[in-house]
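Structure first, commentary second.
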Amino acid sequence: MAVLVNRDTRLICQGITGKVGTFHSNGAIAYGTRFVGGVTPGKGGQWWTADDGSRYPVWNTVAEAMREGGANATMIFVPAPAAADAILEAIEAGMPLIVAITEGIPVRDMYAVKRALAAHPEVRFIGPNCPGIITPGECKIGIMPGYIHRRGSTGIVSRSGTLTYEAVYQTTRCGLGQSTCIGIGGDPIKGLDFIDCLRLFNEDPETEQIVLIGEIGGDSEERAAAYIKEQVRKPVIGFIAGTRAPKGKRMGHAGAIVSGNSGTAEAKLAALRAAGVHIAESPATIGETVLAALRARR
Amino acid sequence: MKLHEFQGKALLRQAGVPLLAGRPCRTPDEAEAAARELGPPVVVKAQIHAGGRGKGTVYADAACTTLVRQGGVALAASPEEARQLAGQLLGNYLRTAQTGGVGKRINTVLVEAGCRIARELYVSVLLDRAAALPVLVASDAGGMDIEELAAREPQRIRRRHIDPALGLLEHQARRLGYELGLTPPQVAQFVPTARALVRAFLEHDADLVEINPLVVAADDRVLALDCKLSIDDNALFRHPEIAAWLDPDEEDPAELEAKRHEMAFVKLDGNIGCMVNGAGLAMATIDAIALYGWQQGAAPANFLDVGGGASAEKVTIAFKLILRDPAVEAILVNIFGGIMKCDTIAQGVLSAVREVGLDRPLVVRLEGTRVEEGKRLLAESGLAVIPADDLKDGCIKAAEAAARWRAARGLPPRPPLPAPASFATAIR
């Protein structure tokens with residue numbers, strides 16, 4: 001089952017002819033994702049050649065890619081100044097799944113994205129500033145290293161790229177594997193949030209436990225904790241980065257900042273604990289915390 | 001990017017926010033001329049990026065040993081007094097409750113006309129992340145610390161979400177004005193001021209506009225007396241004229257240099273320098289150093305995210321940044337190689353070590369793509385690199401290496417730090 005993406009996902013890349021878009025389109029193809037082509041305005045009608053020699057059409061617009069290529073998912077590698085427009089184009093075209101990898105999109109541009117999303121409930125948007133989404137063995141959309149994943153029972157949702165890889169690596173090594181891993185991104189305004197992903201994992205029969213990786217800034221984790229307490233009947237394992245972050249400093253991610261007394265790691269950890277989430281003390285112990293949680297359940 | 005008060009006010013003025021007349025001055029001569037032009041009495045305000053300036057203390061040195069005067073904001077009754085005040089402030093250092101024990105150099109003073117204040121209000125505009133909308137926050141309790149007020153008297157704080165395409169609507173501002181207890185003539189002044197503040201926030205891609213206090217003058221004018229304004233870093237490409245206002249005296253030089261190379265660096269006060277790929281893992285690494293190293297007195301000396309595509313050159317720059325800090329007694333490199341392969345990282349680390357000439361112990365934890373090749377390169381290099389199995393092991397080894405480094409120099413061991421809060425969790 002897994003969630004959001006699978007072998008029926010037909011992926012395009014917006015910004016396919018750029019260096020980064022080319023690199024990660026090749027990564028998706030090498031992983032076995034059903035890749036159908038790309039969009040670069042002004043280069044429509046050309047062909048893009050993958051590293052393995054296969055050729056894919058380039059379209060001028062997302063609407064064409066959907067009509068002619070049957071695309072139902074897009075990954076966006078358009079540079080930040082033009083990224084919001086690329087996202088808006090995909091939303092307006094009704095693309096069912098949009099994944100924006102681009103880092104550095106201004107907040108003001110994201111207001112427009114949120115407004116367009118509200119008018120298009122059929123569209124799901126992941127990111128921006130995220131590693132993407134992967135269902136092991138079926139579909140990889142984004143910049144994560146595919147080979148560390150193994151298909152299994154853990155759903156992973158995270159605000160951080162490299163911490164997701166840690167969680168993946170450890171759940172692979174302890175033999176549980178992953179159903180789907182969703183990087184929701186490190187920006188203050190984003191598409192899918194923890195709650196959306198928790199709901200999907202909670203309803204997915206293949207997902208037996210959920211790893212949630214949060215960080216300082218905002219209150220997504222607190223809201224997720226309330227949802228977990230109310231709705232989630234599967235074990236949830238949590239980690240929060242930024243316990244030692246000084247106040248008022250942005251820690252790499254645009255959204256990772258403690259403003260005044262809000263967004264602290266302590267408040268998030270307390271909320272998650274109160275919701276019965278099993279907390280990993282460091283990213284090195286995510287795997288063992290998952291196993292401990294499962295043992296406690298039996 | 002944080003702005004000085006006088007810079008923020010220049011943006012507010014462009015957006016049509018009523019302000020007192022004022023002149024930024026960089027010399028006592030300029031301050032005297034400004035006071036003469038504006039007409040005394042005037043207020044002379046030290047320009048640094050910190051609140052609490054009025055109650056701060058001015059010193060002749062950044063370490064705050066030689067006292068100059070109390071108060072970084074003062075009233076001058078004459079142009080001569082304005083000149084004398086500017087002389088005491090400019091080139092000296094102001095320490096406030098928010099500057100963290102050190103003084104910040106005053107390069108500019110703002111000389112402003114005075115006004116008769118009838119009431120003080122609080123107004124700010126910022127992002128409400130949960131709603132994904134800008135929000136206007138207002139209170140009738142001006143001049144107070146807003147966090148304190150929120151904790152003590154939350155009912156005195158009012159919030160209005162703003163449609164970013166439309167700005168603050170007239171009726172929203174009007175209703176807010178009445179709720180704040182303003183009289184009809186005051187409300188008539190408040191509405192355009194509040195709307196202009198929101199316009200400034202939106203037009204300049206601000207992530208915060210805070211006016212504390214927003215004053216109602218005796219003649220019912222509604223004026224921004226103070227201004228704290230910062231711009232969304234991600235939007236600076238749209239505002240090159242604002243980006244050029246960056247005051248290097250307000251920034252950590254290492255943070256600036258890291259930014260130039262598309263890395264994120266934050267100076268911390270511990271002894272373990274660290275270099276990590278990815279913001280989340282970098283945060284988790286500084287947490288882990290504190291968690292596993294406290295018994296040896298170890299704490300992180302910095303946060304450093306070298307980003308996804310760190311090249312050998314970037315690693316070299318990162319090492320130089322870390323080593324420049326004399327407080328660093330050991331370095332922990334923590335890399336999860338995904339797209340960036342571990343052997344590439346290892347090569348980067350080795351070439352950086354050869355170029356920089358490492359004089360402090362180096363612990364390296366590698367995991368991920370081509371990890372065996374990476375570890376082999378480090379082991380066969382002949383350099384004294386301490387390999388770590390995982391992050392916990394790396395933190396413990398870094399703390400121990402720092403302790404040995406101190407001992408070898410005849411320095412006393414660091415006292416243990418308070419134990420971090422327990423992470424033990426009840427399994428349900």
Side-chain angles (χ1 to χ4, degrees), chain A residues 27 80-81 104-108 110-112 114-115 143-145 147-148 158-163 165-166 169 186 188-189 213 215-220 223 239 241-246 249-256 260-261 265-266 273 276-279 281-285 292-293 296, chain B residues 126-127 129-130 132-134 146-147 150-151 164-165 202 205 207-208 232-235 237-238 264 266 268 276-292 299-300 303 305 307-308 335-339 367-369 390-393 395 420-421 423-428:
Chain A
I105 302 178
V107 165
R108 182 155 57 112
M110 290 304 298
Y111 294 140
K114 290 299 270 192
R115 174 190 290 255
I143 59 175
M144 67 290 279
Y147 85 97
I148 60 173
S158 168
R159 281 170 68 185
S160 149
T162 35
L163 279 178
Y165 311 158
E166 293 275 356
Y169 199 67
I189 297 188
I213 298 172
E215 62 190 28
I216 54 166
D219 66 349
S220 285
R223 286 182 287 126
F239 176 76
T243 310
R244 295 284 296 193
K249 279 284 185 185
R250 238 169 256 286
M251 305 300 277
H253 285 156
N261 299 323
E266 289 71 23
R273 261 196 207 106
V277 172
H278 311 281
I279 304 294
E281 68 170 11
S282 98
T285 61
Chain B
L126 68 162
L127 164 66
R129 290 167 62 145
L133 285 173
I146 193 72
E147 295 246 319
L202 292 169
D205 282 289
D207 50 28
L208 174 70
D232 178 0
D233 287 330
N234 287 344
F237 70 88
R238 285 204 278 250
V266 176
L268 303 170
V276 189
N277 67 331
L281 188 57
M283 268 187 275
T285 302
I286 63 172
D287 297 346
I289 290 169
L291 178 65
Y292 299 122
F303 163 95
D305 168 15
I335 303 282
F336 191 96
I339 297 301
E367 193 58 88
T369 311
D390 59 34
L391 179 53
K392 181 175 180 178
D393 186 45
C395 292
F423 278 77
T425 173
I427 306 260
R428 73 179 169 192

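None of the values given here were measured: they were computed from a predicted structure. Quick note on labels: first sequence line is chain A, next is B, and so on, each numbered from 1. Values below: every heavy atom of this structure, side chains too, minus hydrogens, waters and symmetry copies.
- Heavy atoms of Ile189(A) lying under 4.5 Å from chain B belong exclusively to its side chain.
- Residues Ala132(B) and Tyr111(A) approach most closely at O-CD2, 3.4 Å, considering heavy atoms.
- Of the two parts of Ala150(B), neither the backbone nor the side chain holds a non-hydrogen atom closer than 4.5 Å to a non-hydrogen atom of chain A.
- Between the CG atom of Asp305(B) and the OG1 atom of Thr162(A) there is a distance of 7.0 Å, given to the nearest 0.5 Å.
- Counting heavy-atom pairs under 4.5 Å between each of Asp233(B), Leu268(B), Leu202(B) and chain A puts Leu202(B) at the top.
- When atom types are taken as modelled, the side chain of Asp232(B) and the backbone of Pro106(A) share no donor-acceptor pair closer than 3.5 angstrom.
- Not counting sequence neighbours, the partners of Arg108(A) by the salt bridge (Lys or Arg N to Asp or Glu O under 4.0 Å) test are Asp205(B).
- Most heavy-atom pairs under 4.5 Å with chain A, from the set Val276(B), Asp287(B), Leu391(B), Leu126(B): that is Asp287(B).
- Both the backbone and the side chain of Ala130(B) come within contact range of chain A, judged by heavy atoms closer than 4.5 Å.
- Between Leu291(B) and Glu281(A), the shortest heavy-atom contact is CD2-O, 3.4 Å.
- Note: Pro188(A) leads Pro188(A), Gly260(A), Gly252(A) in heavy-atom pairs under 4.5 Å with chain B.
- Below 30°, between 30° and 60°, or above 60°: for Tyr169(A) and Phe336(B) the angle between ring planes is above 60°, a perpendicular geometry.
- Residues Gly280(B) and Ala241(A) share a closest heavy-atom pair of O-CB, 3.7 Å.
- In this structure, chain B has a heavy atom under 4.5 Å from the side chain of Thr285(A), while its backbone stays farther away.
- Ranked by heavy-atom pairs under 4.5 Å with chain B, the list Gly217(A), Ala265(A), Ala254(A) is led by Gly217(A).
- A pairwise comparison of heavy atoms in Ile105(A) and Asn234(B) identifies O-ND2, 3.5 Å as the closest pair.
- Heavy atoms of Asp393(B) lying under 4.5 Å from chain A are absent altogether.
- Between Ile286(B) and Arg244(A), the shortest heavy-atom contact is O-CG, 3.9 Å.
- By number of non-hydrogen pairs under 4.5 angstrom with chain B, the leading residue of Glu215(A), Met251(A), Arg223(A), Lys114(A) is Met251(A).
- Looking at Asp219(A), the atoms closer than 4.5 Å to chain B (heavy atoms on both sides) all sit in the side chain, from C-beta outward.
- Contacts between Arg159(A) and chain B at a heavy-atom distance below 4.5 Å involve the side chain alone, from C-beta outward.
- Judged purely by atom type and a 3.5 angstrom limit, Asp390(B) has no side-chain atom pairing as donor or acceptor with the backbone of Ala284(A).
- Within the 4.5 Å cutoff, side-chain heavy atoms of Asp207(B) are placed close to those of Arg250(A).
- Of the atoms belonging to Pro134(B), heavy atoms from both backbone and side chain fall under 4.5 Å from chain A.
- Contact annotation for Ala235(B): both backbone and side-chain heavy atoms come within less than 4.5 Å of a heavy atom of chain A.
- Side chain of Glu147(B) to backbone of Asn261(A): a donor-acceptor contact under 3.5 angstrom is found.
- With respect to chain B, the highest number of heavy-atom pairs below 4.5 Å among Glu266(A), Glu166(A), His253(A) belongs to Glu166(A).
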